[in-house]
Structures are given as structure tokens and as C-alpha cells.
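First up is the structure itself, then whatever we jot down about it.
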Amino acid sequence: MSLVNENFSKLKAGYLFPEISKRVSAYKAANPDADVIRLGIGDVTRPLTPSIIKALHQGVDEMAKDETFKGYGPEQGYQFLREAIVKNDFHSRNVDINIDEVFVSDGSKCDTGNIQEIFSLKAKIAVTDPVYPVYVDTNVMAGRTGKADKNGRYKNLVYLPSVAENGFSPSLPEEHVDIIYICSPNNPTGTVLNKSELEKWVKYALNNKAIILFDAAYEAFITDSSLPHSIYEIKGAKECAIEFRSFSKTAGFTGLRCAYTVVPEKLMGIGKDGNKVSLNKLWNRRHCTKFNGVSYPVQKATEAVYSEEGKKEIRGLVDFYMENAGIIRNTLEKLGWKVFGGVNAPYIWFQTPGKISSWNFFDKLLNEVQIVGTPGSGFGYCGETYFRLSSFGDRKNILKAVDRFNSKYGK
Ligand code: PLP
């Protein structure tokens with residue numbers, strides 16, 4: 001029999017969403033007529049927009065003709081898409097990124113999960129707590145951590161608390177770290193780091209020869225014009241940061257799949273011999289070895305996100321979800337609950353009333369108002385006594401949910 005990767009045994013079994021499903025199924029079995037509203041998941045609910053669908057169809061039609069058929073494309077993505085990306089997402093914000101720094105992929109989950117492969121197993125990793133679990137689990141699988149303690153925290157990882165008390169802006173680590181994962185706008189807290197907070201991290205990274213892995217999957221949801229959309233809006237970031245972007249939430253691509261990663265050419269790591277190594281070259285090598293490109297029709301559809309019509313449609317999608325977020329946020333605030341996020345991100349994060357445990361609060365909401373959310377503790381030790389609601393949902397359901405909140409918990 002083959003020996004398996006023992007690091008997998010350290011993983012806390014995919015506990016959060018299966019446990020939610022288990023509890024909801026048990027409730028439904030006991031209450032078959034209950035109308036349960038799910039505000040737990042981070043998946044979009046509205047269909048792809050007309051320009052995207054049109055471009056997708058055109059891409060498919062091209063694949064059906066001798067003259068326009070495409071086989072393997074460039075692993076890094078077609079030039080037309082990389083050009084549209086740099087022009088619209090970076091040059092428009094006075095950020096100088098070139099197409100050789102952009103790697104198109106089929107998702108930020110894979111990219112944020114795979115990126116750790118280009119770093120040493122000895123690299124010291126810092127994550128915020130709470131955190132998008134992919135950053136942690138992929139480092140556990142790779143063997144950079146020890147076992148989890150009773151709070152679910154892995155040995156050898158550095159956890160940076162991100163809580164109401166510090167305004168969800170984690171302090172710099174007390175010990176040296178090599179890699180820092182930052183997600184802004186944040187999943188799950190829905191909060192965003194401002195320019196001076198990002199400057200603090202860039203300065204730390206430059207001074208400590210650390211690399212920031214900046215996940216901007218929710219960048220399109222920023223409504224406050226003073227907030228940076230890209231880490232590269234901060235001076236010096238091209239020497240210390242990799243950025244991840246996704247079309248999943250921005251353009252409703254969770255089922256279509258397209259994303260990209262920016263690895264600046266100036267960004268260097270250090271080899272065993274002390275010499276500088278280009279991270280752009282390493283990622284290119286990794287990407288070309290393990291990935292064969294996003295399908296042509298999907299890249300055509302993604303290009304349409306940047307057309308004039310596409311931009312308007314996408315804005316409409318984002319605005320719709322953000323209106324949902326506003327409705328949920330205002331309702332919870334009026335109940336007197338301590339609410340965060342939901343202004344520049346599609347997630348609403350709040351302290352459970354009376355600071356009860358997040359799983360107890362989950363059960364309370366399910367039983368009393370038949371609403372399903374996500375317990376904060378599922379995202380880390382510091383998420384305990386917090387709860388996440390998502391604004392991805394039908395308006396009808398959101399309105400029904402807020403009615404239930406008001407009638408059950410209103411004064
Ligand atoms: N990064 C964060 C913070 C996310 O919340 C998600 C999805 O929920 C992703 C990345 C994954 O995005 P994708 O659909 O592009 O894989």
C-alpha cells in the first residue's frame with residue numbers, strides 16, 4: 001500500500017459547511033414545512049449578464065469552425081484578455097502593471113492555494129484570524145505546520161487577530177514572518193484595509209524581506225473612493241506583493257471560472273545561496289507545468305467584462321448585492337447589534353448578541369427565524385462570538401429575512 005501525505009491528517013476535517021448542512025437537514029426533517037432562508041453561502045445568485053453570454057457564445061462558435069478553432073492557448077492567458085486586465089484594472093488607477101506580470105487562471109481558490117508551492121517549506125507564514133480557510137489548509141497540506149491545538153490553531157503558523165477591538169486591522173507580527181496573507185475587502189469580516197493600513201504592511205514586508213499575498217477577490221465591492229483596490233496602489237508594493245483577483249463575485253463567474261494573479265517582475269525571493277530569484281519566473285514555471293490555460297470561450301467571456309456594456313452590467317450586479325448588504329446591515333444595526341462590513345464588501349459580520357457562541361447563535365437563528373448564516377468560529381478562533389451573513393441572495397428572500405429579524409428581535 002502507498003504511504004499517504006501525513007500532513008492531510010492534521011487538517012480539521014472540512015467541518016464548517018458540512019456541519020451547517022447537517023444541522024439544517026436535521027431541522028428540516030423535524031420541520032418539513034419550514035421555509036428556511038439561506039444567507040450563509042458566499043456564492044452569487046444572479047445569472048451571467050447579456051454581454052458576457054454573447055461573448056461566450058461567440059467563443060463557442062469560433063471553436064466550431066476550421067478557420068477559428070483554438071487548441072491549447074498560452075498557459076498565462078490570451079494576450080487580448082491580459083491587455084484588457086492591465087488597462088482596466090491597473091492603468092486606469094495609475095498602476096503600472098504589464099501583461100507579463102498577469103497570469104490568468106480558473107480561480108483564486110486555486111491560485112491562493114497553489115502560490116505557497118513557490119516558497120520554502122521553512123517559510124514562516126502569517127494569517128489573519130479569522131481567515132479564508134484555503135490559506136491555512138494549503139500550508140497544512142504542504143507540511144509547513146504542526147498539529148492544530150484545541151482552539152484549532154496550527155503550530156508554526158502565526159495568527160494575527162482581526163477583531164472589533166483593533167478595528168479589524170491586525171497588528172504587525174511580533175516575530176519575524178516570511179509570508180503574510182491579507183484579504184481586503186475581507187472574507188469573512190467584510191471590512192477593508194485603508195491606504196495607511198496597507199502602507200504599514202508594505203513597509204513591514206520591505207523591511208523584513210517578507211512577501212504579502214494580497215487577495216482582492218472582492219475588490220469590485222468597494223464603494224468608498226478613498227480605499228485602494230489594489231495593493232500596487234501603495235508605493236513599494238511591487239517589490240513585496242503578489243495580488244489575486246477573481247471574476248467570481250465581480251461578474252458572477254463562480255460557475256464559469258476565471259481569475260488572475262499578478263506577480264510583478266521586480267518581485268524577488270531568495271535562494272539557498274543567498275541570490276535573488278524572480279518570483280515571476282518561478283510562478284510562470286509552476287503555472288506552465290501544472291496548468292494548461294482557461295478555455296478560449298471563457299476568456300472571451302471574461303474580456304467582455306471590460307467592454308463598455310459589460311462594465312455597466314457588472315456594476316448593476318455588484319450594486320444589487322450591495323443593496324442587499326445595506327438592507328441587512330441597516331436592519332441589524334436598528335436591532336442594536338454590533339455590525340461590521342457590508343459597506344465595501346458583500347459580507348455582513350456582527351457580534352452575536354450577548355456574545356453567545358457562534359454555533360449557539362446559529363441554532364438560535366435556525367430555530368427562531370429559520371435563517372441560516374455562517375458561525376464566525378468556522379473561520380478561526382477569533383471568529384468566535386461573531387456571525388457572517390452574505391448579501392448574495394434573492395431580494396425577496398432578503399426582505400423576508402429582515403422582516404423575520406424585526407418581528408422576532410425588534411423592540
Ligand atoms: N478568495 C476569497 C477571499 C474568497 O472568499 C473566495 C471565494 O469565496 C476565493 C478567493 C475563491 O474565488 P474563486 O471562485 O475565484 O476560486
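This one's a predicted model, so the numbers in the text were calculated from it and none came from an experiment. Each ligand, and each atom within it, is numbered from 1 in the order the structure gives. For reference, positions follow the sequence shown, starting with 1.
With sequence neighbours left out, the side chain to side chain contact (heavy atoms under 4.5 Å, CB included) criterion links R286 to N114, E117, I118, W283, K290. Every ring-ring contact (aromatic ring centres under 6.0 Å, His included) that Y218 has, sequence neighbours left out, goes to Y347.
Seen from the ring of F80, K300 counts as a face-on cation partner, given the 6.0 Å and 45° thresholds.
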With a 3.5 Å cut-off and sequence neighbours excluded, list the donor-acceptor pairs that the side chains of residues 368-381 form with protein atoms.
| residue | atom | partner | partner atom | Å |
| --- | --- | --- | --- | --- |
| E368 | OE1 | K364 | NZ | 3.3 |
| E368 | OE1 | Y409 | OH | 2.8 |
| Q370 | NE2 | Y27 | OH | 2.8 |
| Q370 | NE2 | N367 | O | 3.0 |
| T374 | OG1 | G40 | O | 2.8 |
| S377 | OG | S358 | OG | 3.0 |

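The ring of Y296 has its center closer than 6.0 angstrom to the ring center of Y78.
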What does the contact table look like for ligand 1 (nitrogen or oxygen on each side, cut-off under 3.5 Å)?
| residue | atom | partner | partner atom | Å |
| --- | --- | --- | --- | --- |
| ligand 1 | 1 (N) | D215 | OD2 | 2.6 |
| ligand 1 | 5 (O) | N187 | ND2 | 2.7 |
| ligand 1 | 5 (O) | Y218 | OH | 2.6 |
| ligand 1 | 8 (O) | Y218 | OH | 3.3 |
| ligand 1 | 8 (O) | K249 | NZ | 2.8 |
| ligand 1 | 14 (O) | S248 | OG | 2.5 |
| ligand 1 | 14 (O) | R257 | NH1 | 3.0 |
| ligand 1 | 14 (O) | R257 | NH2 | 3.3 |
| ligand 1 | 15 (O) | S108 | N | 2.7 |
| ligand 1 | 15 (O) | S246 | OG | 2.7 |
| ligand 1 | 15 (O) | S248 | OG | 3.3 |
| ligand 1 | 16 (O) | S108 | N | 3.2 |
| ligand 1 | 16 (O) | K109 | N | 2.8 |
| ligand 1 | 16 (O) | R257 | NH2 | 2.8 |

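A distance of 6.5 Å separates CD1 in I222 from CG in N344, rounded to the nearest 0.5 Å.
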